Amino acid sequence: WQLLYSLRKDRVPMAFHWVPWLGNAVAYGKDPYGFFNECRDKYGDVFSFVLVGKVMTVYLGPRGQEFVLNAKANDVSAEDAYQHLTTPVFGEGVIYDCPNHRLMEQKKFVKIALTSDAFRSYVPKFREEVLDYFTTSENYKMKENNSGVVDVLKAQPELTIFTSSRTLFGDEMRKKFDHSFAQLYADLDKGFAPINFALPHLPLPSHRKRDEAQRKISRTYMSLINHRRESGDIVQNRDLVDSLMLNSTYKDGVKMTDQQIANLMIGILMGGQHSSSSTSSWYLLHLAEHPEIQEELYKELTTLLNEKNGDIFDLTYDDMQKLTLHNHVIRETLRLHMPLHSIFRKVSKPLLVPNTKYVVPKGHHVLTSPGYAMIDDKIYPNADKFNPHRWDKPIVPENSQTESVDYGFGAISKGVSSPYLPFGGGRHRCIGEQFAFLQLGMILATHVYNIKWKFVEGQKMPDPHGPAKIQWEKRQTCVL
Ligand code: HEM
């Protein structure tokens with residue numbers, strides 16, 4: 001089959017594999033960037049590989065990002081690529097379980113709840129949740145203990161879900177997020193395991209748990225929506241739930257049903273859950289290795305607070321924008337550990353790869369990897385080193401044709417060929433960037449103000465599956 005394929009001159013070069021259907025799944029699954037490196041050395045920026053029966057055409061680098069992220073909606077489809085994975089998790093009628101134009105409008109409905117006014121009200125809630133977690137979580141119990149050990153891979157997912165649900169879904173809903181509700185989310189999250197991408201129809205035992213969790217969570221959200229409708233307790237600008245209840249009529253007059261609103265709530269919470277919790281886990285681990293940067297962060301924070309004669313309790317949304325090094329730490333962490341290593345689309349009509357003789361046939365997938373570009377030494381000197389100070393000077397690529405915007409903490413290039421694209425680009429670009437920066441910034445500042453931390457004896461930078469234990473110790477300024 002490989003021989004026949006390679007005889008066609010209009011086909012992208014195919015990475016060699018021994019087992020026909022499985023293809024390169026093991027190499028790609030174990031170390032995607034290592035696999036891309038090997039293929040790039042052999043075939044260049046454009047190559048195909050087989051992933052459990054699917055043919056993936058990879059296009060690396062800025063042109064590849066342009067090719068995949070800016071492809072026309074008629075030519076490629078995200079819903080065809082992701083739907084089998086996401087619909088059982090989010091539920092029907094939202095995100096990829098609807099035509100693309102509906103998703104575009106759903107993103108607008110959500111954005112209405114993510115304005116700077118809303119963010120101003122989220123900041124104190126984020127902080128309160130982190131301090132509450134420091135007080136109640138077995139990992140900290142900070143009122144009783146001056147020091148302790150915590151596995152960040154266990155703590156950060158909890159902290160992420162508590163902070164997101166409190167701000168996006170309101171106080172009432174947050175109260176329901178006890179341990180057993182968090183467990184439902186963990187069961188639901190298993191729906192995103194790679195095996196489900198590869199073999200969506202395999203009747204795995206985890207599917208029953210996933211479906212049960214989906215039903216229970218969606219019922220809980222429906223009861224919140226029903227309660228607010230019945231009591232008339234709907235307030236503009238309070239949280240995402242109210243916002244969706246007030247603004248979710250499509251341009252053609254069709255209204256989202258309450259069930260779809262509940263499903264969209266699941267989708268939005270899940271959209272940020274893994275990405276934000278993996279980012280805060282990684283920055284805590286990098287900072288455990290760099291106590292000197294923790295001290296710089298502490299200085300940045302206390303200097304700002306001294307200037308305004310305040311303490312951690314008065315940090316505002318505007319203050320958060322001034323914490324340059326805090327923002328650089330988040331930025332650098334996302335560069336080194338982009339939560340999505342691959343972005344796919346399914347090809348809907350034969351697609352010419354620009355400036356080549358290759359055509360990607362209908363039914364194949366195209367894949368690009370902004371995360372791979374972000375660890376390229378040619379763009380980021382010593383790319384594998386965690387160095388938030390690399391962002392002190394704006395990083396603008398040579399010959400960049402992209403528009404660069406300086407937000408005060410290093411240049412951001414808006415175009416999809418930018419070498420810094422942790423939030424994707426084009427029509428499917430993330431809408432949660434500012435929310436994530438604020439949430440991650442507040443989680444970081446609250447850690448820095450209250451504790452110092454280092455690796456436990458024998459713990460080094462872990463592989464992504466942990467364990468990832470840090471030893472913390474209260475600072476003098478600790479408020480608990
Ligand atoms: C899309 C990354 C947080 C909601 C995306 C995409 C990326 C991304 C790379 C593009 C996916 C694609 O093109 O296929 C991240 C990172 C985050 C983060 C790195 C945090 C560090 C969030 C949060 C929310 C969110 C907090 C919700 C509040 C979404 C939504 C989409 C999206 C709705 C659009 C999906 C589409 O149009 O297909 N995100 N995200 N994300 N993200 Fe995020």
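In what follows, residues are counted from 1 in the order of the sequence shown. Source: prediction; values computed, not measured. Both ligands and their constituent atoms are indexed starting at 1 by order of listing.
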Worksheet item: For atom 24 (C) of ligand 1, which candidate among S342, G432, A436 holds the nearest heavy atom?
Response: G432
Discussion item. Judged on heavy-atom distance to atom 20 (C) of ligand 1, which of P370, S275, G267 sits nearest?
Written reply: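 Nearest heavy atom to atom 20 (C) of ligand 1 lies in S275.
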Proximal ligand 1 atoms for [X], defined as those under 4.0 Å from one of its heavy atoms:
X: Y96; answer: 35 (C), 36 (C), 38 (O)
X: I431; answer: 30 (C), 33 (C)
X: G424; answer: 9 (C)
X: I268; answer: 27 (C), 28 (C), 33 (C)
X: Y82; answer: 14 (O)
X: K107; answer: 34 (C), 36 (C), 37 (O)
X: P422; answer: 2 (C), 9 (C), 19 (C)
X: P339; answer: 19 (C)

Under 4.0 Å from ligand 1, counting heavy atoms only, is it the side chain of [X], its backbone, both or neither?
X: L103; result: side chain
X: L340; result: side chain
X: F344; result: neither
X: M338; result: side chain
X: F435; result: side chain
X: R345; result: side chain

Discussion item. Tell me whether the rings of F49 and F35 are parallel (<30°), tilted (30 to 60°) or perpendicular (>60°).
Written reply: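 Rings of F49 and F35: perpendicular, over 60°.
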Item to complete: For K154, look at atom NZ and say whether over 12 heavy atoms of other residues, nucleotides or ligands are found less than 6.0 Å away.
Response: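 Atom NZ in K154 is not packed in, count stays at 12 or less.
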Worksheet item: With a cut-off of 6.0 Å (strictly less than), are more than 12 heavy atoms of other residues, nucleotides or ligands near CZ of R238?
Response: yes
Test of proximity, [X] against ligand 1: N or O pairs below 3.5 Å:
X: S276; result: no
X: H428; result: yes
X: T279; result: no

Response to the item:
Exactly one of R228, R174, K125 clears salt bridge (Lys or Arg N to Asp or Glu O under 4.0 Å) with D239, and that residue is R228
Worksheet item: When the ring centroid of Y221 is compared with that of F169, is the distance short of 6.0 Å?
Response: yes
Discussion item. Give me the nearest non-hydrogen protein atom to atom 32 (C) of ligand 1 as residue plus atom name, then the distance to 0.1 Å.
Written reply: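 For atom 32 (C) of ligand 1, the nearest protein heavy atom comes out as C430 CA, 3.5 Å.
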Discussion item. Starting from atom 15 (C) of ligand 1, what is the nearest protein heavy atom, named by residue and atom, and what distance separates them?
Written reply: F423 CD2, 3.7 Å
Discussion item. Less than 4.0 Å is my threshold; does some heavy atom of F437 fall inside it relative to ligand 1?
Written reply: no
Practice prompt. Could you tell me whether R166 sits above the aromatic face of F126, with NZ or CZ closer than 6.0 angstrom to the six-membered ring centre and within 45 degrees of the axis?
Written response: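 Because its charged atom misses either the 6.0 Å distance or the 45° angle limit, R166 does not stack over F126.
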Worksheet entry | Within 45° cone of Y380 ring axis and under 6.0 Å: R335 NZ or CZ | yes
Using a strict 4.0 Å threshold on nitrogen-to-oxygen distance, state whether [X] and [Y] make a salt bridge.
X: D252; Y: R102; result: yes
X: D75; Y: R345; result: no
X: D189; Y: R210; result: no

Worksheet item: Looking only at side chains, do T57 and S48 share a donor and an acceptor under 3.5 Å apart?
Response: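 On atom types as modelled, these side chains qualify, holding a pair under 3.5 Å.
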Worksheet item: With no hydrogens and no angle check, do the side chains of Q439 and T160 hold a donor and an acceptor under 3.5 Å apart?
Response: no
Practice prompt. Without swapping roles, check the side chain of N263 against the backbone of E92 for a donor-acceptor pair under 3.5 Å.
Written response: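 Side chain of N263 to backbone of E92, a donor-acceptor pair under 3.5 Å: yes, one is there.
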